[in-house]
Structures are given as C-alpha cells and as structure tokens.
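First comes the structure, then the notes that go with it.
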Amino acid sequence: MKQSYFPQEIEKKWQKIWEESGAFKTSDDSEKPKYYALSMFPYPSGKLHMGHVRNYTITDVIARFKKAQGYNVLHPMGWDSFGLPAENAAMKHGADPETWTDENIAYMTKQLKMLGLSYDWDREVTTCKPDYYKWTQWLFLQLYKKGLAYKKEAAVNWCENCATVLANEQVIDGKCWRCDGEVEKKYLSQWFLKITDYADVLLKDLDKLKGWGDNVKIMQENWIGKSHGAIIKFKVKEIEGLEVPVYTTRPDTVYGITYLVVAPEYKDIEKLTTPENKAKVEEYRANARKMSEIERLSTDRVKTGVPLGTHCINPFNGEEFPLWTADYALVEYGTGAVMAVPTHDTRDFDFAKKYNLPMKVVIENPSNPSDCKNEAYTEPGILVNSGEFNGMKNDDAKKAITEKAVKEGYGEFKTQYRLRDWLISRQRYWGAPIPVVYCDKCGIVPVDEKDLPVMLPKDVDFSVVGKSPITTSKTFAQTTCPHCGGPARRETDTMDTFVCSSWYYLRYSDAKNSEKPFDRNLANKWLPVDQYVGGIEHAILHLLYSRFFTKALRDLGLLDFDEPFKNLLTQGMVLKDGSKMSKSKGNTVDPDEIFENYGADTARLFILSDSPPARDFDWSDAGVEGCYKFLNRVWRLVASNADDISLDYSLDYPLKKDNDDLVRIVHMAIKGITNDISNDFQFNTVISKYRELTNAIYDWQGKKTNPDNEDKNVLSFAVIALLKLMSPVAVHLTEEAWHELGAKGSIHDEAWLEWDENLAKASSITLVVQVNGKVKDKIEVDEGFSQDELKEVALNSPKIKELTEGKNIVKVIVVPKKLVNIVIK
RNA sequence: GCUCCAGUGGCGGAAUCGGUAGACGCGUUGGACUUAAAAUCCAAUUGGGUGAAUAGCUCAGUGCCAGUUCAAGUCUGGCCUGGAGCACCA
C-alpha cells in the first residue's frame with residue numbers, strides 16, 4: 001500500500017468502477033424498507049457552486065448511511081431546466097436555449113460525478129425535455145378539467161426587465177425575484193391555478209409535518225394568512241339598491257365607524273363618485289395607477305385619499321358617514337373596501353388625523369379609560385357608545401354583533417385568506433407551452449391528450465425585444481380547433497417553471513414511463529420523500545406549490561398520499577468572509593479547483609465539518625487544508641499498519657487494560673456517530689468524532705513498541721471501524737483503503753456497525769465532587785458503586801474533608817455515576 | 001410594526017435529562033526532527049489575582065437584569081443586539 005495519499009488518482013479510479021458496476025442503481029423490487037433521500041434539483045446555470053456541493057453532500061451522506069442501515073434507498077438527481085437565464089443567454093449569444101442548457105447539464109453532470117455522489121442516473125429527470133414536459137402539460141389538463149386551472153383578466157405583477165408576469169410569491173419587496181427589477185401592475189388575461197381552494201388544508205396539514213422546521217411552517221402559515229371576521233354590507237344613501245360590503249376582523253367596533261374607504265380600483269367606484277368630485281377622484285386614481293408597487297406599498301408613506309361625495313348608512317345605528325377612496329385599501333384583499341374606525345385602528349387613525357375626519361371611542365381601555373387623542377387603542381377592552389352592546393367585552397362582542405348582522409340580513413361570518421391564486425402564465429419561450437387553443441367558435445379548448453406534447457417551435461427569433469420569442473414562430477400559433485376542426489390560435493404563453501418543479505419528485509419513482517407521468521403504485525411505494533434537503537429560499541415558493549400539487553393530484557385519484565415531503569432539512573448558506581458567496585462580490589470558490597487540489601473527499605469532509613447543516617457555513621481555505629491533512633493522517637494510519645491489520649480479526653476477552661480501553665473508545669464512537677447522524681444530521685460533531693477516534697488510535701499505537709497478536713486484532717478492529725464509519729463521507733479514500741487491506745467487495749455494501757451498550761462507556765467513571773455547587777474534586781470510582789458508597793467516597797476525600805472541616809453539612813445530593821454535591825454552611 | 005430564530009474564547013463551533021463550560025478543529029506561541037525548508041510530531045492557548053513557575057491555589061466568566069434550584073449555557077420573566085420572513089391583509 002502506498003504510504004502517500006493521492007486523492008486524484010484514487011477518486012477517478014473508483015468513480016469509474018462504481019459507474020461500470022452500476023453500484024448505485026436502485027431496484028423497485030426489494031424486501032428491504034424503502035428510503036427516499038432527495039436534494040432540491042438544480043437549475044443548470046453552468047457550474048456547480050458551493051451551495052450545491054453542500055446540499056448534495058448532505059443528502060448523499062444521508063443516503064449512504066441509510067443504505068448501510070439496511071434500507072432500499074432511492075437517491076436520484078435531475079434538472080430544473082426551463083427558465084429565463086437560458087433564454088437570456090440565447091439572446092446574448094445567438095444560441096438556442098436548448099443547446100445552452102444541454103451544455104450546462106453535461107458540464108454539471110461531470111462535476112456531480114467528480115463529487116462521488118451515489119445517484120441512480122437511470123432516473124435522471126430533465127424538465128425541458130419533451131418526455132417530461134409532455135406530462136407537465138398532461139397534468140395541467142387534468143387540473144383544467146377539475147376546474148383548478150382557469151383564465152381570467154386580473155391586475156397582475158409585470159416585470160418589464162423580464163418582459164413577463166410574475167406570481168405573488170415571486171415579488172420580493174415589490175421587486176422581481178430574479179432580476180430585482182421594479183414590478184408594475186398590469187391588467188391582463190392570464191392562467192391561474194386555484195391554490196386558494198386548498199388554502200385551509202394547506203394550513204391545517206402543516207401540523208402533520210413533524211419533520212419540518214418550525215421556521216418554514218410559520219412562514220407558510222403567515223403566507224396563507226388566515227383570518228376570521230365578518231362581511232358587513234352598507235347601503236349607499238344616494239343610490240337606491242347599491243351596497244358596499246366590507247370585510248372586517250373587528251366587527252366589535254362597528255359603532256365607531258366614521259367613514260368608509262374603497263380601493264382606487266374598486267369596481268363600483270365610478271357609480272359612487274358624485275359629478276362634483278369626479279375630476280379629483282379620476283386624478284387620484286390615475287396617480288395610483290402610475291405609482292410603482294414599491295412606492296405604493298411603502299408603510300412609511302403618508303396615507304392619501306379623496307372623498308367620493310356619496311355616503312353610507314350604518315345599519316347598526318342609522319348614522320351616515322362619507323365614502324372615500326384611498327390607496328391603503330387593497331382591491332385584491334377582502335371586498336376591496338374598508339370600514340374605518342380611527343379610534344381603534346392605527347391606519348384609520350393616521351388617515352383621519354390628516355383629513356380631519358371625526359373619531360368616536362367605542363372600546364374602553366379598562367386600565368386607562370382615557371380618550372384616543374394621540375393614538376388608536378387596539379387592545380382588548382369594554383364596549384361603550386355601542387347601543388345594546390355597551391358593557392360587553394370586545395371579544396364577545398365580535399360574535400354578538402356579527403350574529404345581529406346575520407339575523408337582520410346585512411352581514412355574515414367570513415374567513416379570509418391572504419393567499420391568492422397562483423398565476424402561471426409566462427410570456428416567455430423557454431417553458432412548457434400551456435396546452436390550450438382559442439377558437440372563435442368554441443372558445444378555450446384544451447389540446448387533446450393524444451396530441452401531447454405541444455412542442456416548443458424551433459423557428460423563432462430570440463433577438464426580439466419586449467415580447468415572447470415564441471410569438472415570432474410562423475408555425476406555432478396557427479392550428480385547428482380540436483373541437484370543431486376550424487381554424488384556431490394556440491396559447492403562446494408558457495408555464496411558470498415552478499409548475500415543472502412541483503411534481504418532479506414523483507417522476508423519479510418512474511422516470512421512464514412513456515404512458516403516464518408515473519405509475520400510481522410506484523409513486524405510492526416510494527413517496528413521500530423521507531428526507532428532503534434544500535435551501536430555505538424555497539420555504540414558500542416551491543414547497544408550498546409542491547404541497548398543493550400533491551393534494552390536487554391526490555384528489556384527482558393519481559396518488560394515495562397528500563404531503564410530498566415527510567422530513568425537510570433546510571441547509572444554511574455557504575459564506576466566505578462573512579457574506580454570501582457571489583460573483584459580484586468576487587468571493588466565490590470554484591469546486592473544480594478544490595477537487596483538483598485536494599480531491600472530492602476533502603471537499604465533502606470540509607463542507608460538513610464546521611457548522612451544523614441548518615446553519616450558515618463560513619468557507620475558509622485554512623479549513624480545507626485542515627481537512628486534507630486529516631485525511632492524510634487517516635491514510636497514513638492505515639498505510640503504515642497495513643501489515644498488522646487483518647479483515648478477519650477476532651477479539652478474545654478479557655483484553656489487556658489499554659486494549660480494552662481502545663475497544664471501548666471504538667464502541668463509544670459508533671454510538672456517538674450513529675446518534676449524531678440520526679439526530680438532525682449533526683455532521684459537524686460526527687466529523688469531530690472521526691478525529692477523536694483517529695487521535696485515540698494513534699495515541700494507543702504510540703505506546704506499542706512490539707505489538708502482539710491481541711494488539712494486532714484490536715488495531716484491526718479499530719481501524720476497520722474507523723474506515724466504515726467514515727465511508728459515507730470520505731467515499732473514495734475508505735474504498736481504496738478497504739481494498740488495500742484485502743477486501744473483495746465494496747465498503748459501501750457493508751452494513752452499518754452496531755455498538756455494544758456495555759462497551760460503549762469507560763471502564764471506570766470520574767466522580768465529580770462539588771461543594772455548594774462548585775467543583776472541588778474528581779475521583780475515579782468503580783462503576784458499580786451505590787449511591788451511599790459514592791457519598792462516602794466523596795466525604796472521605798482529603799480535599800473535601802479539609803473544606804468541610806468544622807462546617808455544618810446541610811445536604812448531600814448524589815447523582816448516580818456522575819456527581820456528588822455537598823451543601824455546607 | 002408583526003412573526004420567528006440566534007447571541008458561548010482570537011475564530012468556526014461542542015456540551016441527550018438542568019449536573020466537570022469551552023469537545024473537535026482553525027489560528028497563534030513555543031519546542032522536536034532537518035544543513036534548511038516542506039511534511040510530521042509534542043506542548044501551551046477564556047480572563048483576572050497570587051506565584052520564580054509552563055506547579056499549586058483562588059476569583060470571575062456562556063449578550064444584559066432578575067427569578068426558580070443543592071446545581072442554570074440549558075428552565076421562567078423582562079430587556080439589549082444581530083439575522084430571517086411578512087408587511088397599509090382592514
């Protein structure tokens with residue numbers, strides 16, 4: 001065995017052998033229990049970055065660990081390969097997005113293989129290929145038939161830079177999630193998926209997801225944004241038969257209404273405007289339209305509005321109050337109209353102050369029944385100035401007042417969600433075409449399933465600006481109606497890429513099926529994903545959409561389960577010098593360089609070593625160096641002792657004291673490492689335990705000048721255990737060493753080691769003796785000592801005797817096998 | 001503003017149940033080997049006090065202030081700082 005470690009040589013050699021022997025193929029038929037380990041698949045942007053390396057290494061180690069524990073593991077990989085960057089690259093370089101994408105996939109595949117990841121490449125899924133997007137389209141049609149996909153004219157988010165619309169989830173701080181460009185509102189007819197039908201179950205089922213972090217669940221909960229309240233309808237005084245309904249979560253404050261606000265886009269706003277106010281209202285509305293999302297949504301902005309001139313009547317007390325329009329009312333939420341109670345709502349308060357609108361206190365602060373001159377009182381209290389409800393607690397009044405409104409016919413209980421339907425139309429080329437046609441006679445007609453896929457056209461001009469390249473095709477749009485056979489027009493919008501990624505995890509279960517998206521039995525067998533690993537940035541987008549898809553497909557009868565991901569690990573970012581690695585900051589580290597200089601095993605070891613997976617990881621060159629040195633140290637340990645190590649060692653008890661100690665250290669390492677992986681995948685402590693074990697073997701060995709047979713057996717036991725424990729991480733080094741020691745099969749087919757509970761502890765224990773809670777002495781004691789014996793040992797220690805001399809011993813607390821605390825006065 | 005998370009040496013971090021704070025590593029310092037270097041190995045490394053001492057002893061110490069307890073990094077209450085998400089959602 002070579003005395004030096006040459007990772008580049010070893011790694012290439014084994015990658016080739018594993019590939020040729022099909023070492024990582026997964027069989028659908030196995031007696032073993034299944035385990036599905038999945039990383040979020042990447043967008044093929046060109047090259048792997050360290051975030052990918054971290055993500056895939058984590059999942060790979062999990063997959064290998066579970067395989068060693070006796071599971072039949074599914075660990076696939078694929079490409080989320082539709083999307084705008086390919087199209088932008090095409091515009092820039094004149095290449096076809098497909099060519100650009102294929103090249104990137106080829107390069108990144110090579111890199112993934114260099115990392116030594118245990119993927120079953122036979123199940124590779126690529127969303128931009130017709131054999132995949134055919135089924136994306138098919139699934140769209142199923143949703144359409146069920147009424148879960150529909151087209152409507154709506155105010156949508158438009159990114160001028162990307163020349164396309166965006167889903168609500170893709171607008172971050174009023175800007176485009178991808179290009180950071182400002183987002184404006186446009187009125188367009190677009191395709192939506194009815195995710196709001198599932199709002200309640202998406203919220204409720206978060207409780208089922210015991211294996212998800214609370215942070216992600218809370219983010220989804222907030223995004224869905226369920227609230228309970230009431231709809232109350234107000235008659236308009238000036239216009240017979242016209243009502244303005246409002247949604248409120250504070251029906252207890254209805255007696256305090258002093259005005260009512262509708263959004264500038266409110267549907268009846270023109271009817272509600274008197275001729276005298278028309279000019280001003282028109283001007284205000286035009287301004288609101290022009291304003292960008294960011295300006296409009298800024299909470300620091302002073303609220304503005306104009307009166308419409310008409311009035312509403314409060315059905316509870318007959319009071320009249322004016323109608324205004326103001327852009328702090330949102331047309332998309334609730335009814336688009338708000339009842340204003342300045343005394344008990346901070347926004348209404350600001351507005352009323354500015355425009356000198358009246359205020360009326362209806363909830364009294366029990367601890368300070370002062371007025372509401374300086375700020376709104378929004379805490380619980382007792383109703384006043386509220387007719388028959390005076391004296392009631394406001395929480396009770398919510399229900400009582402709504403009940404009155406229901407009984408008298410001008411109100412109802414209402415649950416409201418913040419979640420809006422998912423806008424999936426994109427005015428771009430590089431996506432799955434939405435499979436519908438428009439016929440003058442028949443209207444919207446879905447494409448026949450037998451005619452799928454609707455293929456992307458090739459005759460397009462990517463240099464066009466301001467419209468989708470797909471519209472430049474001479475052949476694509478023109479078609480015939482599947483219904484009447486007459487001339488018809490194809491939909492030229494493509495689907496949001498998040499539609500493609502909402503079901504890819506199902507396709508892996510049956511990646512080559514050409515008859516359907518997946519076989520129901522195979523999907524039911526492999527899913528849900530046992531461990532999903534990916535970035536927190538998908539907490540809402542991808543993870544919410546995928547949950548919705550799974551539930552919808554379950555309701556379509558395609559699946560028997562309704563949550564796709566049983567356990568979710570959201571890994572932290574990879575930082576360098578305290579900030580996120582990015583090209584613009586120039587602090588990126590190229591994985592290729594690391595592979596070349598240190599090998600993949602070093603990269604894998606290091607990326608897992610310093611931080612727990614969920615936390616951010618700070619990349620340091622010195623840290624890489626340290627891991628490389630450690631692997632060298634392990635290699636030398638094996639190489640320099642190769643002659644003394646035998647694969648068929650046997651341990652004959654009783655062992656010499658120092659040998660017994662080392663055997664115990666190994667058992668403790670097996671136990672500790674197994675528990676650390678099982679318990680939230682704490683790989684950083686796993687790796688520190690590799691080092692401890694290695695150090696212990698070196699220490700032990702340093703004392704052996706003339707090893708006898710027993711020593712050699714113990715050494716074999718320890719070194720082989722170290723290799724097996726390290727095999728999920730240092731996949732190449734351990735395999736090479738394993739074979740150098742004479743093994744025939746792969747170390748990756750070996751079963752995970754078991755530990756003996758009796759041996760996984762030191763032969764004696766150190767008793768800590770405290771006086772008044774402070775450590776004063778440590779005494780080696782026999783493990784079997786009773787509590788009384790421990791107490792006696794502690795009290796008889798010379799040090800303790802000295803300290804307790806002449807003092808009154810109030811109490812002695814004995815923690816078995818650990819500690820004695822003596823309380824003195 | 002609301003919601004959530006996190007604060008431990010020079011640094012990354014460790015510490016199942018409340019029970020030896022600082023595992024393991026990085027860095028730093030000193031030493032061994034070497035003509036020299038690299039590599040490797042050994043030792044020290046929370047701060048203060050006392051001390052010739054790298055011996056011993058001693059005090060303080062896990063963001064701050066209280067509390068519960070024989071015992072608090074860990075539990076409770078209140079604050080401070082940093083990060084993330086949502087943000088005029090009525």
Run the salt-bridge test on Lys689(A) and Asp676(A) with the 4.0 Å N-O cut-off and return the result as yes or no. yes
Check if the side chain of Lys303(A) and the base of C88(B) share a donor-acceptor pair of N or O atoms closer than 3.5 Å. yes
Give Asn695(A) one of three labels, base, sugar-phosphate or nothing, depending on what nucleic acid heavy atoms sit under 4.0 Å from its own. sugar-phosphate
Could you tell me whether G9(B) is syn or anti, where syn means a glycosidic angle within 90 degrees of zero? syn
Quick check for you: among G19(B), A90(B), C86(B), whose closest atom lies nearest to any side-chain atom of Trp223(A)? C86(B)
Salt-bridged, Lys226(A) to Asp200(A), with N to O below 4.0 Å? yes
Applying a 4.0 Å non-hydrogen cut-off, can you work out what Thr248(A) is touching in the nucleic acid: base, sugar-phosphate, or nothing? sugar-phosphate
Is any side-chain nitrogen or oxygen of Lys774(A) closer than 4.0 Å to OP1 or OP2 of A60(B)? yes
Looking at Tyr698(A), I'd like to know if the NZ or CZ of Arg633(A) sits under 6.0 Å from its six-membered ring centre while staying within 45 degrees of the ring's axis. yes
Could you check whether Gln770(A) gets within reach of a base, just the sugar-phosphate, or nothing at all, counting any heavy atom under 4.0 Å? base
Sorted by position of nearest nucleotide on RNA chain B, 5' first, the leading residue of Asn679(A) and Phe617(A) is Phe617(A)
Regarding Val768(A), tell me which of base, sugar-phosphate or nothing describes its non-hydrogen contacts under 4.0 Å with the strands shown. base
Looking across every strand, which nucleic acid part, if any, lies under 4.0 Å from Arg691(A) by heavy atom: base, sugar-phosphate, or nothing? sugar-phosphate
Among the nucleotides C88(B), A14(B), C24(B), which one has an atom lying closest to any side-chain atom of Asn684(A)? A14(B)
Considering only side-chain heavy atoms of Asn821(A), which listed nucleotide, A71(B), G13(B), U20(B), is closest? A71(B)
Counting only heavy atoms not in Glu792(A), do more than 12 sit closer than 6.0 Å to its CD atom? no
May I ask you to verify if any side-chain N or O of Arg636(A) is less than 4.0 angstrom from the OP1 or OP2 atom of C41(B)? yes
May I ask you to evaluate whether Arg633(A) reaches the phosphate of C41(B), defined as a side-chain N or O under 4.0 Å from OP1 or OP2? yes
Candidate nucleotides G13(B), C17(B), A90(B), ranked by approach to the side chain of Val338(A) - the nearest: A90(B)
Within 45° cone and under 6.0 Å: Arg691(A) NZ/CZ vs Phe630(A) ring: yes
At 4.0 Å (heavy atoms only), tell me whether Gln682(A) reaches a base, stays on the sugar-phosphate, or touches nothing. sugar-phosphate
Given RNA chain B, 5'-ward residue of the pair Val815(A) and Lys689(A), judged by closest heavy atom: Val815(A)
Would you mind telling me which of U20(B), U16(B), C57(B) lies closest to the side-chain atoms of Val775(A)? U20(B)
If I pick the C1' atom on U68(B) and the same atom on C11(B), what distance separates them, to the nearest angstrom? 35 Å
Taking the minimum atom-to-atom distance to the side chain of Met219(A), which one of A14(B), C4(B), G85(B) wins? G85(B)
